[in-house]
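Each remark here refers to the structure printed beneath this line.
Quick caveat, the model's predicted, so the values are computed rather than measured. A, B, ... follow the sequence lines: proteins, then strands. Residue 1 opens every chain.
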Number of protein chains: 2
Amino acid sequence: MKRDLDIRVAIIEDDETIREGYAFLIGNTSGYKVVGAYRSCEEALKKIANDDPDVILLDVELPGVSGVEALPKLKKLLPETHILILTVYEQEMLIFRALGNGAAGYLTKNTPPEKIVAAIHEVMEGGGPMSAHIARMVISSFKRNESTPLTRRETEILEQIATGKSRKRIAEELFIDLETVKSHIKNIYHKLDVHSKADAIKAAKDNKFI
Amino acid sequence: MKRDLDIRVAIIEDDETIREGYAFLIGNTSGYKVVGAYRSCEEALKKIANDDPDVILLDVELPGVSGVEALPKLKKLLPETHILILTVYEQEMLIFRALGNGAAGYLTKNTPPEKIVAAIHEVMEGGGPMSAHIARMVISSFKRNESTPLTRRETEILEQIATGKSRKRIAEELFIDLETVKSHIKNIYHKLDVHSKADAIKAAKDNKFI
DNA sequence: TGCAAATCACCCATTACGGGTGAACACGCC
DNA sequence: GGCGTGTTCACCCGTAATGGGTGATTTGCA
């Protein structure tokens, strides 16, 4: 299907200077080829399927249909294509929405040109290129709060509650009595100063206790 | 406190050849200094506090106390120190446990020496260095399944259920009737072929529908 | 030896849950 | 124009789960 061995790159970016800059950079790197460049998602969604790109560089802050909104549509149109996000913003919500919608990498626009080319290569090799600060935020999102007021057992039980299991089922799976589970839950509620499952789960997640 | 401007690195690694190799590499790079090298976590936990390291390179597959187990203890001992995981394994469970326990980065042992030094630098600058394949796995963990059988509304309601909220509360927050929520839940259960909250949440999470 | 953690017990009233059946209305698609 | 899908709401049923009070025992680590 591919017409040669070059990595086929498409660019979706509204700023002409930046778009042309990327196109020039990538087009002049051996092994890479620009097969499409668009100023909007609407335009790209109509024509990009014909470009058969391996990688799409996607700006998230576009006028009209934003990059994150277009992501699922691009993925549906080109399921095998890797999509790299390019942005000036480093907002957590935006990052996690983009990654949840199928982005294969996330780069900030201060990324030096040679690193962008390296990222395209990396994503083709099964990697997940991210700018340093983005990577740190992603890693942080996994990190638990080490100064939890909950004991080991309480944390374990709250995790089970957060999966929707009933106290009875939790008791059975942990080989303890239902009364013991109730007792732990009462202690959890006191420590977190809440009066319901939902509030306990929210408080614990907000504070990264679970 | 710091005796000079070098980045202070400690190494915990049982294989002597590898340990010495890293020590030699880092010690001979200007701007870096090896302040400790240990063959086990037990040994490291006793003495490492005196080294006052900026970064610790930590092997996860150690005899005795494993790297992941030692992570919380090291973090408690040296809260300001960045810990970089070094491993041959790329198991998801190990990666997410390590990141959840406070690791600042995750490198595989096939990482070339100059990249290890770069990773130490990157972590000092607020980055989160990861090997390419690890980064892809981390990113994948965020990705939703685009071919969900659930509708938009059903997904929304299942997400609410997964936070532990009651149907009544969900109805209030979405400004719809309790009966409507019940109706959606019945449809969700049918689609996922389950008969309880817990099973629905599990099925949806396993398939990345939520 | 003492304190925290984990275990179990019995009390109470209220609410939530799972399932069946049916129906109205809006929207897009052929 | 009609058909399917998605969203909304209604009324039925019985069982199970929840939140809270009070108190007691045992185990393990410091």
Side-chain angles (χ1 to χ4, degrees), chain A residues 45 65 72-73 76 144-204 209-210, chain B residues 42 45-46 65 69-70 72-73 76-77 145-204 209-210:
Chain A
L45 286 167
V65 179
K73 294 170 190 168
K76 202 173 178 183
R144 291 276 185 100
N145 186 344
E146 57 256 62
S147 60
T148 172
L150 304 180
T151 68
R152 197 172 277 269
R153 197 57 150 177
E154 284 163 0
T155 303
E156 189 179 7
I157 284 174
L158 191 48
E159 278 169 350
Q160 297 294 309
I161 290 174
T163 69
K165 287 176 190 154
S166 70
R167 299 164 177 196
K168 189 179 166 191
R169 189 161 158 189
I170 294 170
E172 285 163 2
E173 291 182 11
L174 295 183
F175 305 106
I176 54 178
D177 197 276
L178 171 60
E179 284 302 323
T180 308
V181 176
K182 286 177 68 176
S183 203
H184 283 303
I185 292 173
K186 276 178 261 195
N187 290 332
I188 293 168
Y189 285 10
H190 281 136
K191 285 184 181 178
L192 301 184
D193 191 28
V194 295
H195 304 277
S196 72
K197 247 191 313 185
D199 291 341
I201 292 169
K202 186 179 187 318
F209 297 151
I210 60 170
Chain B
E42 290 87 340
L45 286 166
K46 279 183 206 159
V65 179
E69 290 170 48
K73 294 170 190 169
K76 203 173 178 185
L77 215 56
N145 186 344
E146 57 255 65
S147 59
T148 172
L150 303 181
T151 68
R152 198 173 278 268
R153 198 55 150 176
E154 285 162 0
T155 303
E156 189 179 7
I157 284 175
L158 191 47
E159 277 169 350
Q160 296 295 309
I161 290 174
T163 68
K165 286 175 190 155
S166 71
R167 300 166 176 193
K168 189 179 166 191
R169 190 161 158 190
I170 294 169
E172 285 163 2
E173 291 181 13
L174 296 183
F175 305 107
I176 55 179
D177 197 276
L178 171 60
E179 285 301 325
T180 307
V181 176
K182 285 176 68 175
S183 204
H184 283 302
I185 292 172
K186 277 177 260 195
N187 290 332
I188 293 167
Y189 285 10
H190 282 136
K191 286 183 181 179
L192 300 184
D193 190 29
V194 295
H195 305 277
S196 72
K197 247 192 314 185
D199 292 340
I201 293 169
K202 186 179 186 319
F209 297 152
I210 60 169

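- Taking for each of A/Val181 and A/Lys191 the nucleotide of DNA chain C with the nearest heavy atom, the 5'-most of the two is the partner of A/Lys191.
- The terminal axes of the helix from C/dT1-D/dA30 to C/dC30-D/dG1, fitted over 5 pairs per end, subtend an angle of 70° to the nearest 10°.
- Between the P atom of C/dT7 and the CG atom of A/Asn187 lies a distance of 11 Å, rounded to the nearest Å.
- Here the P atom of nucleotide C/dA5 and the CD1 atom of A/Ile188 are 13 Å apart, to the nearest Å.
- Looking at heavy-atom distances under 4.0 Å, B/Thr180 makes contact with a base.
- One can place CD1 of B/Ile157 at 15 Å from C1' of C/dC17, the figure rounded to the nearest angstrom.
- Whole-Å rounding puts the B/His184 NE2 to C/dC17 P distance at 16 Å.
- Residues satisfying the side chain to side chain contact (heavy atoms under 4.5 Å, CB included) criterion with B/Glu156, sequence neighbours excluded, are B/Arg153, B/Leu174.
- Taking atom CG on B/Leu150 and atom P on D/dT7, their separation rounds to 10 Å, with Å as the unit.
- Following rounding to the nearest Å, B/Ile170 (CD1) and C/dT15 (P) show an atom-to-atom distance of 17 Å.
- At a cut-off of 3.5 Å, with distance as the only test, no side-chain donor of B/Asn145 or B/Thr148 sits close to an acceptor on the other residue.
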Each nucleotide of nucleotides 17-30 of chain D classed B (base within 4.0 Å of a protein heavy atom), S (only sugar-phosphate) or -, in 5' to 3' order, makes SSBBBBB-------
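- For the pair A/Ile176 CD1 and C/dA9 P, the interatomic distance rounds to 12 Å; values are reported in whole Å.
- Surrounding NZ of A/Lys202 are at most 12 heavy atoms belonging to other residues, nucleotides or ligands under 6.0 Å away.
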